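Counting from 1, the numbers follow the sequence of the chain as shown. Since the structure is predicted, the reported quantities are computational estimates derived from the model, not experimental observations. Values reported hereafter were calculated over all heavy atoms of this structure, with side chains retained and with hydrogens, waters and symmetry mates removed.
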Amino acid sequence: MHAYLPAIGFGQIKKKSQLQQLLSSVQNFPDQVQKIRLDEESSLVVYTKEVAPGIGLMVCGEEDMQGSFQMEYYEPYINSNICSSKAECSIEKESARESYDGVCDDCRLGLNLIFSVNNFMEYRKYQALQGFFPTVTDVCMSALCTQGKILLPINKDEHKQKLTEQTMNERNGLIAAARKGDEDAIENLTLEDIDTYSLLSRRVQHEDILSIVDSYFMPYGIESDQYSILGEIMDCRLLQNSYTEENVYAIDIKCNDVEFPICINQKDLIGEPAVGRRFKGNIWLQGSINYRD
C-alpha cells in the first residue's frame with residue numbers, strides 16, 4: 001500500500017483485493033493514456049485517473065506487442081498551475097524504475113529542493129522526438145500529506161511585513177553572491193546567522209518557538225523528496241474523492257516565499273484551515289516541470 005494513498009481520499013482501502021480493484025479501474029477506465037515505444041517489443045505506458053479536480057492516481061508499467069500490460073508501480077498525485085520556482089533545475093532518472101526526480105537549487109530555501117516529477121512522460125516524449133532532453137524553465141510544485149495541523153497566524157503589522165520581505169530579498173541576494181564565491185557575502189551571512197541564533201536563544205526562554213518562527217522548509221526523514229514545512233495558507237478548497245466519497249483538502253500555502261498546493265485527507269488534518277492561518281506537516285514533494293521548446 002502506498003503511504004500517501006490516504007492523502008487523496010483512499011484511507012478506507014486496507015486490503016490488497018481493494019487496492020487491486022482500484023488499480024484495475026484506473027487501467028480499464030483511465031482519463032488519459034500515454035505511451036512511449038521503448039524498443040521493438042515493448043512500450044512504456046502510464047494510465048492516469050482523476051478522483052477530484054487536479055488530484056488522481058497514476059499507474060505506470062510496460063506493455064508488450066500483444067497488448068499485455070505489466071504494472072511496475074503506482075502513485076497518487078496532485079497537479080498545480082502555480083509557478084513555484086524559476087531557479088535552475090535538473091532532472092534525474094531513478095535507477096530502480098521508470099520515474100524521474102527534479103533537483104531545484106532555489107536561493108529562497110537555502111537547499112537543493114528534490115521532488116518527484118508528475119509529468120515525466122511529456123519530458124520523455126520530447127527526448128524521444130528531439131533526441132535530447134529539454135531545458136527546464138520553471139516548476140509548478142505540489143505535495144501530499146498524511147498528517148497536518150492548523151496553527152494560528154503570527155500578528156504582524158504592515159510595516160513589519162514589508163521589513164520582513166525586504167530582509168528576505170537582501171538575504172537571497174547575499175546567498176546568490178556567496179554561491180559565486182563572494183567573500184564579503186559569505187562573511188555577512190555568517191554574522192547574520194550568529195545574530196539570529198543569539199536572538200532566538202534569548203526569545204525561546206519566554207516565548208513559544210512557533211510564535212517566533214513564521215515558516216520553515218527542511219528535509220524530513222531518510223527520503224530525499226520528503227520535507228517538514230510550516231507555511232501561511234493562501235487558499236483552501238474542500239473536495240470529494242469521486243471513488244470513495246472521502247473529503248480531502250487542497251490547501252495553497254506560501255512557505256519561505258515558495259507557493260504550492262498540498263492535498264490532505266480531512267480526517268488527517270487537526271484544526272480548521274482558513275486563509276491567513278498556518279499549516280504545519282510533513283509532505284511528499286511533487287512537481288510539474290515546464291520547459292523551453
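Annotation: the span from Thr146 atom OG1 to Ile264 atom CD1 amounts to 7.0 Å, rounded to 0.5 Å.
Contact check for Pro273 versus Phe279: no side-chain heavy atoms found under the 4.5 Å cut-off. Looking at heavy atoms from C-beta onward, Ile229 lies in side-chain contact with Phe260 at the 4.5 angstrom threshold. With a 4.5 Å cut-off on side-chain heavy atoms, Tyr77 and Thr48 count as touching. The shortest distance between side-chain heavy atoms of Pro53 and Arg237 does not fall below 4.5 Å. Contact annotation: the side chain of Val139 never approaches that of Ser84 to less than 4.5 Å [non-hydrogen atoms, C-beta and beyond]. A 4.5 Å side-chain heavy-atom check between Arg202 and Ser198 finds at least one atom pair inside the cut-off. Between Arg278 and Asp214 there is a side-chain heavy-atom pair separated by less than 4.5 Å. The closest side-chain heavy-atom distance from Leu269 to Ile251 is below 4.5 Å.
In this structure, the side chain to side chain contact (heavy atoms under 4.5 Å, CB included) partners of Pro261, at least two apart in sequence or on a different chain, are Ile78, Ser80, Ile82, Ser142, Asp252. When the salt bridge (Lys or Arg N to Asp or Glu O under 4.0 Å) test is applied to Glu63, the partners found at least two apart in sequence or on another chain are Lys35. By the side chain to side chain contact (heavy atoms under 4.5 Å, CB included) test, Tyr73 pairs with Met58, Cys60, Glu75, Arg97, Ser99, Phe120, sequence neighbours left out. Residues meeting the side chain to side chain contact (heavy atoms under 4.5 Å, CB included) test with Ser242, sequence neighbours left out: Val51.
At least one donor-acceptor pair closer than 3.5 Å links the side chain of Asn265 to the backbone N or O of Pro6. Side-chain N or O atoms of Gln286 include one that pairs as donor or acceptor with a backbone N or O of Pro76 at under 3.5 Å. Checking side-chain atoms of Glu50 against main-chain N and O of Asp31 turns up no donor-acceptor pair under 3.5 Å. Counting only distance, with no hydrogens or angles, the side chain of Asp208 and the backbone of Leu210 share a donor-acceptor pair below 3.5 Å. For the pair Asp138 (side chain) and Cys83 (backbone), a donor-acceptor distance under 3.5 Å is absent. With hydrogens and angles disregarded, no donor-acceptor distance shorter than 3.5 Å links the side chain of Asn290 to the backbone of Cys140. At least one donor-acceptor pair under 3.5 Å links the side chain of Asn241 to the backbone N or O of Ile8.
Evaluated for a ring-ring contact (aromatic ring centres under 6.0 Å, His included) with Trp284, the options Tyr4, Tyr220, Tyr227 yield exactly one hit, Tyr4.
The salt bridge (Lys or Arg N to Asp or Glu O under 4.0 Å) analysis of residues 262-272, with sequence neighbours excluded, yields no pairs. The stretch residues 124-136 participates, sequence neighbours left out, in these salt bridge (Lys or Arg N to Asp or Glu O under 4.0 Å) pairs: Glu98-Arg124.
Open room surrounds NZ on Lys149; 12 or fewer heavy atoms of other groups in view lie less than 6.0 Å from it. More than 12 heavy atoms of other shown residues, nucleotides or ligands fall within 6.0 angstrom of atom CD in Gln127.
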